[in-house]
Amino acid sequence: MLIGAVEAGGTKFVCGIGNEKGEVLDRVSFPTEQPEKTLAQVIDYFKDKPIEALGIGSFGPIDIDRASPTYGSVTTTPKPGWANYPVLPELRKAIGVPIGWDTDVNAAALGEATWGAARGLDSCMYYTIGTGVGVGVFAEGKLVHGMVHPEGGHVLTRRHPEDTYGGKCPYHGDCLEGMAAGPAIEARWGVKGHELAADHPAWEMEAFYIGQAISSAVLLLSPKRIILGGGVMHQMHLFPLVREQVRNNLKGYVVAASLESGIDEYIVPPGLGDNAGLCGSIALGLQALREAR
Ligand SMILES: Nc1ncnc2c1ncn2[C@@H]1O[C@H](COP(=O)(O)OP(=O)(O)OP(=O)(O)O)[C@@H](O)[C@H]1O
Ligand SMILES: [Zn+2]
């Protein structure tokens, strides 16, 4: 069974084909341009592919409320041409299979719960720390939707005592994304994250912010696993620093083996590696197919 997958990112779109085992069989990638041009490329890629369903994990914010007249649109992005653009309706006109639609991070959480680092668990959270910070939430066996969708990249943070940087988020300044995404690291230290040595103080500060957000997530949602992806998390030495911050913040109040001897298996990198996005979208496509049957 072939399932189509679209990873709709703000800088690039990745389209691919996979199967019900989460194996990626083909992929192409192109830069995100005006929506008409980019979606024409998506449609062109799938037009001769015998897919039974399609999943789209999109950059956001997006409308995922099926009862809304603007369901399937990107909502308030500053990206030229994309604000309020009806991505899903436009693709539906051209692609006649069930289509699953969710945020890129919700898709990644579903993919990790289906085939990756949270396989077999009925809850997990997926954080991406990249150009932005995004959070996907899978709880009690399904993706969390609410009034809109989780926006955990913009939670407010307590400032590190030695941090004088103002913050990069255009909305909130010093929210999590404003303090911890890749562009904030670059603005604070004057070089890109991958140029900073592993023992640079930047990483303790980075872990301080990520650890705060995760501590709040543990208290609020009690996810059974937390997966940290995105470009910044390629710095593997951040994982032990983040785990330490979480334990220091919680101070033994939440009693769980996952926060003690099991913490190395609790806060983890994506199990699906570079396929996390596409696999997530395949899982969304499979979900849409099940719902349509
Ligand atoms: N090895 C690395 N170490 C530290 N920072 C990195 C590394 N690789 C990428 N980054 C930073 O991560 C950011 C890019 O993130 P990513 O590679 O996840 O791309 P993206 O898909 O554009 O991000 P997003 O998921 O927010 O859309 C840049 O700010 C970059 O400086
Ligand atoms: Zn913000």
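R225 contributes no side-chain N or O that, together with a main-chain N or O of S123, makes up a donor-acceptor pair within less than 3.5 Å. The main-chain N or O of V133 is found under 3.5 Å from a side-chain atom of E177 such that the two form a donor-acceptor pair.
Between F30 and F13, the ring planes are parallel. Angles under 30° get that label, and only those over 60° would be called perpendicular.
Linking ILVMFWY residues whenever their side-chain heavy atoms come closer than 4.5 Å, directly or via other members, places L25 and I56 in the same cluster. Note: the hydrophobic cluster containing V218 also contains M233 (ILVMFWY, side chain heavy atoms under 4.5 Å, direct or indirect links).
By the 6.0 Å contact criterion, NZ on K12 is open, its count of non-hydrogen atoms from other residues, nucleotides or ligands being 12 or less. Summarising the local packing, CD of E36 is surrounded by more than 12 heavy atoms from other residues, nucleotides or ligands at distances under 6.0 Å. Around atom NZ of K49, more than 12 heavy atoms belonging to other residues, nucleotides or ligands sit under 6.0 Å away. More than 12 non-hydrogen atoms from other residues, nucleotides or ligands lie less than 6.0 angstrom from CG of D264.
Here the CG atom belonging to L272 is positioned 4.0 Å from the CD atom belonging to E112, to the nearest 0.5 angstrom. To the nearest 0.5 Å, the span separating NZ on K37 from OG1 on T32 amounts to 11.0 Å. Atom OG of S58 sits about 4.0 Å away from atom CH2 of W101, to the nearest 0.5 Å. How far CD1 of I62 is from CH2 of W82: 12.0 Å, rounded to the nearest 0.5 Å. Interatomic distance, CG of L241 versus CE of M205, reported as 13.0 Å (0.5 Å rounding). The CE atom of M179 sits 4.0 Å away from atom CG of D163, with the distance rounded to the nearest 0.5 Å.
K142 forms no cation-pi arrangement with F138, by the criterion of a distance under 6.0 Å to the ring centre and an angle within 45° of the ring axis.
In this structure, R293 pairs ionically with E52, as a charged nitrogen and a carboxylate oxygen lie closer than 4.0 Å.
Scanning both residues, I263 and R243, for their nearest heavy atoms gives O-NE, 3.4 Å. The two residues V137 and N106 come nearest to each other via the heavy atoms N-OD1, 2.9 Å. Nearest heavy-atom pair, P270 versus L228, reported as atom, atom and distance to 0.1 Å: CD-O, 3.3 Å. Between A198 and W203, the closest heavy-atom pair is O-CD1, 3.5 Å. Taking both residues in full, the closest heavy atoms of V74 and V87 are given as CG2-CG2, 3.8 Å, listed atom of the first, atom of the second, then distance.
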Salt bridge (charged side-chain N to carboxylate O under 4.0 Å, His left out) between K93 and E90, intermediate numbers included: CA-CA 5 Å; K93 284 186 205 160; E90 287 300 314; 2.9 Å; yes
Under 3.5 Å donor-acceptor pairs involving side-chain atoms of residues 283-292, not counting sequence neighbours:
{"from": "E291", "atom 1": "OE1", "to": "R66", "atom 2": "NH1", "distance (Å)": "3.1"}
{"from": "E291", "atom 1": "OE1", "to": "R66", "atom 2": "NH2", "distance (Å)": "3.3"}

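Two rings, from Y165 and W189, have their centers 6.0 Å or more apart.
With contacts defined as side-chain heavy-atom distances shorter than 4.5 Å, the pair D63/T75 qualifies. Residues F59 and T11 fail the side-chain proximity criterion, which asks for heavy atoms closer than 4.5 Å.
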